Structure formats: C-alpha cells, structure tokens
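Encoded as structure tokens, the structure appears first; notes follow it.
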Amino acid sequence: MPHAEDVRRIALSLPDTTEKIAWSMPTFRVAGKMFATLPEDETSIAVRCPKEERDELVLAEPEKFWIADHEAQFAWVRARLDALEDEDELRDILADSWRQAAPSKLQDAHPDLGRPTAS
C-alpha cells in the first residue's frame, strides 16, 4: 500500500515536476499546472481525470475512487492510498494525470509516460 511519501517521491520523479504548498496542502505541478494534490491527512490523492473516465472509475471501484463535493464540477478524482494495489498503480495514476497537465512539447519528449503499457 503506497503512502504520502511514495506520492511525493513518484510525483517529483516525473519530468519538470515541482511541489508547492497551496490551500495548506502539498500540490504537484508541471509547467505551473497542478496535476496532483495530497489533501486532508495525506491518506488520499486528488488527480486530473476526464469527467467521463472519472465517473466510470467511481462506479467501477467506489472503494478506491470518489469525487469530492467541491471538485465535482472539475475534471478531478480522488483515490484512497490504502486501496491502491501497489506503487505501480500509484505511478500509473500520477503519470496519467501528469500527461493531462503537461505541455505538448514535454509530452512529446516523454511519449511513453502516462500511456498504458502493452501486455
């Protein structure tokens, strides 16, 4: 089960990522755009997620994903850290969110980051 320090380590390993405190919590940004936060008591993360995918995630795995009331109008979803399988799942979630915030040039420089791996 991943912890807050794993979130920090993995997020900061993504290209051009910085950490900034905002709203009294750690936030992670690429090119100034936020892609992840460690809200509340650092037992969950909030990440970018297209609304259509977000709704599917919440319906499919409500024990893992949910939508905070104040984020319902935005393309963000929350994930409970203790419900994630391992660091690989956390890395996939953070990389996918990073890709949604990163500028095209940076995405082009890292084409495989945040894309599903072939089985």
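Small disclaimer: the values here were computed from a predicted structure and weren't measured.
One finds the CG atom of L38 at 10.0 Å from the CD atom of E40 (value rounded to the nearest 0.5 Å). In this structure, CZ on F35 lies 7.5 Å from CZ on F28, to the nearest 0.5 angstrom. Atom CG of L81 is separated from atom OG of S44 by 6.5 Å, given to the nearest 0.5 angstrom. In this structure, D82 CG and H3 NE2 are separated by 9.5 Å, a value rounded to the nearest 0.5 Å.
When hydrophobic clusters are built by joining Ile, Leu, Val, Met, Phe, Trp and Tyr residues whose side-chain heavy atoms come closer than 4.5 Å, directly or via intermediates, V77 is not grouped with F74. One hydrophobic cluster, built from ILVMFWY side chains closer than 4.5 Å, cannot hold both M1 and V7; they sit in different ones.
Taking each heavy atom of L113 and A95 in turn, the nearest pair found is CD1-CB, 4.0 Å. The shortest heavy-atom contact between Q107 and A102 is NE2-O, 2.7 Å. The minimum heavy-atom distance linking A46 with P39 is given by the pair N-CD, 4.0 Å. The nearest pair of heavy atoms linking A72 to I67 is CA-CG2, 3.7 Å.
Side-chain contact between L14 and V30 is absent, with no heavy-atom pair separated by less than 4.5 Å. Annotation: side chain of R78 is not in contact with side chain of I45 (no heavy-atom distance under 4.5 Å). A heavy-atom distance below 4.5 Å is found between the side chains of I21 and P26. The closest side-chain heavy-atom distance from R54 to E71 is not below 4.5 Å. In this structure, the side chains of L84 and I93 come closer than 4.5 Å at one or more pairs of heavy atoms.
In this structure, E89 contributes its side chain and E85 its backbone to a donor-acceptor pair below 3.5 Å. Of the possible polar contacts, none joining the S97 side chain to the L94 backbone as a donor-acceptor pair under 3.5 Å is found.
Under the side chain to side chain contact (heavy atoms under 4.5 Å, CB included) test applied with W76, the options M34, H70, K51 reduce to a single match, M34.
Sequence neighbours left out, the pairs with a member in residues 19-39 that pass side chain to side chain donor-acceptor pair (under 3.5 Å) are R8-E19, T27-R29.
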Verdict with reasoning, R9 to E87, per side-chain contact (heavy atoms from CB on, under 4.5 Å)
CA-CA 11 Å; R9 178 178 44 79; E87 285 188 27; 2.7 Å; yes
What's the verdict on side-chain contact (heavy atoms from CB on, under 4.5 Å) for T43 and R80, showing C-alpha distance, side-chain angles and the deciding distance?
CA-CA 6 Å; T43 61; R80 292 172 182 84; over 6 Å; no
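Hydrophobic cluster of W66: no remaining members, since no ILVMFWY side chain lies below 4.5 Å from it.
Contact check on D96 versus R99 returns no salt bridge, with no Lys/Arg side-chain nitrogen under 4.0 Å from an Asp/Glu carboxylate oxygen. Checked for salt-bridge contact, R48 and E53 miss the test: no charged N lies under 4.0 Å from a carboxylate O. Taking a cutoff of 4.0 Å between a charged side-chain nitrogen and a carboxylate oxygen, D88 and R91 qualify as a salt bridge.
Annotation: D86, atom CG; neighbour count of heavy atoms from other residues, nucleotides and ligands within 6.0 Å is above 12.
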